[in-house]
There are 4 protein chains.
Amino acid sequence: MPSTTFFNLSASKRQRIIDAAVDEFASAPYARAKLDRIVDAAGVSKGSLYQYFDGKADLYRWLLTEYLASKKLAAIGAGAPPAGASVWTVLEHAFLAGVRFAAAEPSLAQLGARFIRDHELEPELAAVAQQHKAMSEAWLSELLTSAQQRHELRSDVDISVAVGFLLHALGEGMLDQLARRLGMSLEALLATPDASARLNDEELLALVRSVTDLFCHGAGA
Amino acid sequence: MPSTTFFNLSASKRQRIIDAAVDEFASAPYARAKLDRIVDAAGVSKGSLYQYFDGKADLYRWLLTEYLASKKLAAIGAGAPPAGASVWTVLEHAFLAGVRFAAAEPSLAQLGARFIRDHELEPELAAVAQQHKAMSEAWLSELLTSAQQRHELRSDVDISVAVGFLLHALGEGMLDQLARRLGMSLEALLATPDASARLNDEELLALVRSVTDLFCHGAGA
Amino acid sequence: MPSTTFFNLSASKRQRIIDAAVDEFASAPYARAKLDRIVDAAGVSKGSLYQYFDGKADLYRWLLTEYLASKKLAAIGAGAPPAGASVWTVLEHAFLAGVRFAAAEPSLAQLGARFIRDHELEPELAAVAQQHKAMSEAWLSELLTSAQQRHELRSDVDISVAVGFLLHALGEGMLDQLARRLGMSLEALLATPDASARLNDEELLALVRSVTDLFCHGAGA
Amino acid sequence: MPSTTFFNLSASKRQRIIDAAVDEFASAPYARAKLDRIVDAAGVSKGSLYQYFDGKADLYRWLLTEYLASKKLAAIGAGAPPAGASVWTVLEHAFLAGVRFAAAEPSLAQLGARFIRDHELEPELAAVAQQHKAMSEAWLSELLTSAQQRHELRSDVDISVAVGFLLHALGEGMLDQLARRLGMSLEALLATPDASARLNDEELLALVRSVTDLFCHGAGA
DNA sequence: GATGAATGAGCGTTCATTCAT
DNA sequence: GATGAATGAACGCTCATTCAT
């Protein structure tokens, strides 16, 4: 949790710190991200950073649970699906919001992607990751269950298997597919912040449709 | 590459070292795995370990590319699908072999799972990981393409999206689903080597069928 | 290159570190010089040393190429030979400056002497050593060639042999001769920082004259 | 001192060990020479080497003080100057023997050269080096003193300076000059065992004459 | 006598965190 | 509140030597 001191900072200085931290945590896994690089890039002293945050883990946690989440919400909220929309519409909206956010805010999206994949987390941070995953799972589980009740989904579909599929598809799988579309490896994509910008909105939509189509109709002839 | 010294060791000692290394690398990502813990658990001196392997990376690489691979091959080879089998049979066999291996050799399966997800790898090891992924992708891509030509798959399915789905489902997703069936988190499963043993073969088969069913028919009503 | 941190240190602390490092590198060849001994003698932590310098090699390089060089320049600059001086005058000045420096700053002179002789250098440091030698050789070669053209040297003298002689005489040979005059072995001289102070300036001059005399007239009857 | 066991070895095995050790100690300074490489090259076990010699230092010492010395003696003894020869003849013989030995037995010559220059020696070995140097100095000192009495040398030449010159010229300086003639650095020469073979006997003689000429007549016009 | 596996002290280096100024 | 110098535990790795077989 940042101290009040942090919020009393001038907006520009605060943003400089945030940007430096986002860049660092986006370009290296947690264990390899260096506070030294962050303070250098932000132009603040190490002591100051420790007055704003309780340490490396605290900074990282805040970035993910507060900053990234709020940005994501803002970006996604704009295009929320109409209430009562079918599960397919909801999923398509979610996918589109995801790929659009990745294309618009590559560093932040990378940060989120790293978080999902990162294994180097302190136990404390791992708990945050698990909680995050649990929430997504709960949301998907409810979405699919109610869809099944509305007969939008086959009654004999294994919900937990479907949740697993979508969880991946909305998270790491999305970046994986983006990378594939761009003809680059996932690693290369993570190292190239604005690569996603090369895809225009139509291409993003086509990608999303391919995924939802597979999920809806399966691959069988 | 282990030195010949390593293979001249008594089988029990060699196995002690392998087990200690597998446990360590399975329970912590590469960067956090400590040689000290391995030598302590194995009851050998640090110097000895360095006479067997060229270093941490060498030990890890051997464990993955030689030891794990050979164990996996032995486990999977037994139940290879008949030649000319349909894509569904092939996939089902692959899935079953995977979950059975995970249930039979949980530590090794964990090791493999970590490897796929690990971000902290030395460049050299990262190359091994990418190569491994590329091979899996190529195999799946060919499998699906020829199936499509045989009209076992819909002609308008996006192969690369389908490959992405299967890649995940056969790798990390498999452990994820196993964890879900056992009612535990993936992390808990990774920390509980013999948890998978609680599922009997019928349950494993049911799990596999749920996944292939989703892939074949989709979730749509 | 030392960090700015190093130069922000109090002069006394900085000097303590320099002295400790000079002593260590002067009393043991590079490969056997221990950072532990330096930090102990300087009374700083190992981590601090690493904030000042990039490592052992960096500290050593700076000591030689910056610190020693600047001290030497200061010491030698005072008594530069007049422009247009004969080769004999130039050489005598160079020798005198050398022996006086060795007598005045024995530890530093030892450091330089070790550097010239040391075989255990990292490739990077070895390059510095070779460059240093090449510069000295070029300077001497030019000095002797132009002297030959001015007929201060015999026309049939083999310049490269003469350069070899002077290179040694101005470097390691100088300490060797100093040791001989003091009736001790070179090793003993290197281990006794202020032994050189026992020779007064007249004796130093006599030593220099003996060397230049041999070089000028030869030993033949 | 090698154990009697060593001398009971078959000549071929003994020579294999010697050659491997010479090669290793010739191609790296003492501290960087590895026993592992020697036993590998010689095809003997490490334990055996420790039964022949008391350790690394013992092997090195024997190689220098017994083996190299005897080989040198054999090579030089053949062309000893006639009794009662002038100092110039004696020196020329000594120089020629030296350069010829270097050209004929490059590895051994390198070993000797390394020994003279090496700073990484154990105290015990350093004593051997000092003793060796002292003997050479004594021989030269006596040679020059008696020559001076016979008026072959100027009466006012500083013997100790002249000894210093010759000591260098006959040792490291010789290799230095050889390297210069071959157009390579000393380091390159040490790394290229048979480079010296490129100079024919006439060229070697010319080199020797250049040096003795400088020593006899000086460089002055 | 020969073997080669075992040893362990010791090295240079890293980096999140602390705290005096 | 801001600074940045100080810290030190911990890591991967080396290699001459020992000693049971």
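Model, not experiment: these values are computed from the prediction. We name chains A, B, ... by the order of the sequence lines, and we start the count at 1 in each one.
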Could you tell me how the ring of B:Tyr60 sits relative to the ring of B:Phe25: parallel (under 30°), tilted (30 to 60°) or perpendicular (over 60°)?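 Ring orientation, 0 to 90° scale: tilted.
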Using OP1 and OP2 only, check whether a side-chain N or O of C:Thr5 sits under 4.0 Å from F:dA5.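 Yes, C:Thr5 has a side-chain N/O under 4.0 Å of OP1/OP2 on F:dA5.
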So, does C:Asn8 get its side chain near the phosphate of F:dA5, meaning an N or O under 4.0 Å from OP1 or OP2?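 Yes, C:Asn8 has a side-chain N/O under 4.0 Å of OP1/OP2 on F:dA5.
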In whole angstroms, how far is the [atom2] atom of [N] from the [atom1] atom of [X]?
X: B:Arg37; N: F:dG12; atom1: CZ; atom2: C1'; result: 14 Å
X: D:Ile38; N: F:dT17; atom1: CD1; atom2: P; result: 12 Å
X: D:Asp36; N: F:dC13; atom1: CG; atom2: P; result: 17 Å
X: C:Arg32; N: E:dC11; atom1: CZ; atom2: C1'; result: 14 Å
X: B:Lys34; N: E:dT14; atom1: NZ; atom2: C1'; result: 12 Å
X: D:Asp40; N: F:dC15; atom1: CG; atom2: P; result: 13 Å
X: B:Leu59; N: F:dC11; atom1: CG; atom2: P; result: 16 Å

Does any residue of residues 41-58 of chain D have a heavy atom under 4.0 Å from DNA chain E, and if so, which ones, in number order?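 Under 4.0 Å from DNA chain E: D:Ser45, D:Lys46, D:Gly47, D:Ser48, D:Gln51, D:Tyr52.
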Given F:dA5, F:dA2, E:dC15, identify the nucleotide with an atom nearest to the side chain of C:Leu9.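 Selected nucleotide: F:dA5.
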From CA spacing to verdict: side chain to side chain contact (heavy atoms under 4.5 Å, CB included), B:Gln15, B:Ile18: CA-CA 5 Å; B:Gln15 200 57 46; B:Ile18 292 175; 3.9 Å; yes
Which base sits across from F:dT21 as a Watson-Crick or G-U pair, both distances under 3.5 Å?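 When the pairing criteria are applied, E:dA2 turns out to be the nucleotide that pairs with F:dT21.
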Can you tell me if A:Arg114 uses its side chain to pair, donor with acceptor, with the backbone of A:Tyr30 under 3.5 Å?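 Checking the backbone N and O of A:Tyr30 against the side chain of A:Arg114, no donor-acceptor pair under 3.5 Å is found.
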Short side-chain to backbone donor-acceptor contact, A:Arg14 and A:Phe7, under 3.5 Å: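 Looks like yes, one N/O pair under 3.5 Å.
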Could you give the distance from NZ (B:Lys56) to NZ (B:Lys34), rounded to the nearest 0.5 Å?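 So the gap between those two atoms works out to 6.0 Å.
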Side chain to side chain donor-acceptor pair (under 3.5 Å) pairs, two or more places apart, involving residues 42-55 of chain A: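 Output for this query lists A:Asp36-A:Lys46, A:Ser45-A:Ser48.
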